[in-house]
2 protein chains.
Amino acid sequence: MGLTMTFAKDEEIYGQDEDADLIYRVLEGAVRTTRVMADGRRQIGDFYLAGDIFGLETGPRHRFAAEAVRDSAVLVVKASALRAAGGDIERLGWETTRRELERAQEHVLLLGRKTACERVASFLKDLSDKGGSPAVVDLPMGRQDIADYLGLTIETVSRMLSQLQSGRIVSFCATRQFRVVNPQGLARLADQAQ
Amino acid sequence: MGLTMTFAKDEEIYGQDEDADLIYRVLEGAVRTTRVMADGRRQIGDFYLAGDIFGLETGPRHRFAAEAVRDSAVLVVKASALRAAGGDIERLGWETTRRELERAQEHVLLLGRKTACERVASFLKDLSDKGGSPAVVDLPMGRQDIADYLGLTIETVSRMLSQLQSGRIVSFCATRQFRVVNPQGLARLADQAQ
DNA sequence: CGGCTTGTTGAACCTCTTCAAATGAAGTGG
DNA sequence: CCACTTCATTTGAAGAGGTTCAACAAGCCG
């Protein structure tokens, strides 16, 4: 059920203010939701990896655009079709929206009250946890995306990554691959919040 | 239906990590949701004024605490009781959650990419709009609450308020009462975002 | 009025940003 | 396969916005 579509790196999946009639699920790759201000400042709402559902996060119209972080495959389903097929869509939709809200609230805390170092640490921890804490975690997105998610600049992100590495918290095998050296240290930096 | 409860200024309505079995509606006064970090840094999730519904914004457990901003009256309904009374609760719940999410996303944009001045302007505009843009808007909350909502310090909030006033954007008749002098100017500062 | 809390203002400091350059990685065509 | 181009990332130095610390003013309530 539904249609599989592929999107090239940086291709738009849906635009801001477009009708929100479709529900999406990442099959492969990674997706970001973005909001751009009149003067070009950009904020990333969230990242979605394989298995994640997105596109449901808003009202009748999308308030964020969605773009492929890199070449990605996405399953697209019409919300109305899904509704016709069975009533538990309401429940699924609510659950998904609720999880979105929880993530947005964590994001608010991060942006409102965490330092640059804590933000980057939180980001790495989140990504590591999300993947089931594998030995080596890879970053699907570039530094600019990370910066626009964390409310920082690429330079600050880069500096904090270097700092975390020299502090033996994480270790980068490549620019987009790291391992967590000191999980407790990472958690302490990330989760000062209860 | 439901129980009316009153809460004194700064009194807790529910705590962080408590079970979320109740739904609340502000009858009079104002409510804030807060999250406190281990070292005392505080972030306010949102403010709720008369007519607003809150307490539904989370999963099985509250991730933010709720407190009365000032002496307030709140209508409390058990979620399960509401569900038993009629099926349209699901719809109401979803709608409410979705609106919460939209507000949280705006909040993310504000915290991630707006300057101090823009944050304060956005806050004042939001409050003015919410009340139907009356001639005189009052601020139910103190400067510390505003600061903790905007991810700033009270000093910065105070400075930006003074700045907006000397720029003939708003005018304060009292510390907690202002009128919008230049609505376009306020909107321009607040809504650089599309 | 006196005492307390809340809000404002000033000055020094610090974190993060901005601007600039160097380094590294990735692709292209000979 | 290597030189060359191009883009992404790192690092450095200077600058700005916001914070911190401190003092003062203004409400608020007994």
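Order of the sequence lines fixes the chain letters, A, B, ..., with proteins taken first and strands second; residue numbering starts at 1 for each chain.
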Quiz item: Taking only residues two or more places apart in sequence, or in another chain, which ones meet S72(B) in a side-chain hydrogen bond (donor to acceptor under 3.5 Å, both in side chains)?
Solution: none
Practice problem: Can you establish whether the number of heavy atoms outside R143(B) located under 6.0 Å from its atom CZ is more than 12? | Solution: yes
Quiz item: Which hydrophobic side chains are connected to F54(A), either touching it within the sub-4.5 Å cutoff or through other members that do?
Solution: L3(A), M5(A), F7(A), I13(A), Y14(A), L22(A), Y24(A), V26(A), V31(A), Y48(A), V74(A), V76(A)
Which protein N or O atoms sit under 3.5 Å from an N or O of nucleotides 4-7 of chain D?
none

Quiz item: Who are the side-chain hydrogen bond (donor to acceptor under 3.5 Å, both in side chains) partners of D129(B), not counting sequence neighbours?
Solution: K125(B)
Quiz prompt | Partner residues of T156(A) under the side chain to side chain contact (heavy atoms under 4.5 Å, CB included) criterion, sequence neighbours left out | solution = A116(A), L152(A), T153(A), M160(A)
Quiz item: Can you tell me how far CG of D10(B) sits from CG of D145(B), rounded to the nearest 0.5 angstrom?
Solution: 7.5 Å
Exercise. Identify the 5'-most and 3'-most nucleotides of DNA chain C with at least one atom closer than 4.0 Å to a non-hydrogen atom of chain B.
Key: dT6(C) to dA11(C)
Quiz item: How far does CZ of R42(A) sit from CZ of R32(A), to the nearest 0.5 angstrom?
Solution: 5.0 Å
Practice problem: Please name all residues satisfying salt bridge (Lys or Arg N to Asp or Glu O under 4.0 Å) with K130(B), sequence neighbours left out, ordered by chain then number. | Solution: D52(B)
Quiz item: So what is the end-to-end bend of the helix from dC1(C)-dG30(D) to dG30(C)-dC1(D), with 5 pairs used at each end and the value given to 10 degrees?
Solution: 40°
Self-check item: Set of residues satisfying side-chain hydrogen bond (donor to acceptor under 3.5 Å, both in side chains) with respect to Y149(B), sequence neighbours excluded
Solution: none
Self-check item: Whole-Å distance separating the CZ atom of R113(B) from the P atom of dG17(D)
Solution: 16 Å
Quiz item: For D46(A), which residues count as a side-chain hydrogen bond (donor to acceptor under 3.5 Å, both in side chains) partner, sequence neighbours excluded?
Solution: R103(A)
Practice problem: List the protein contact pattern of nucleotides 8-13 of chain D with one symbol per nucleotide (5' to 3'): B for base contact, S for sugar-phosphate-only contact, - for none; contact means a heavy-atom distance under 4.0 Å. | Solution: SSBBBB
Quiz prompt | Heavy atoms of other groups near E28(B) CD, more than 12 under 6.0 Å | solution = no
Exercise. Check side chain to side chain contact (heavy atoms under 4.5 Å, CB included) between S162(B) and all other residues, then give those that pass, not counting sequence neighbours.
Key: none
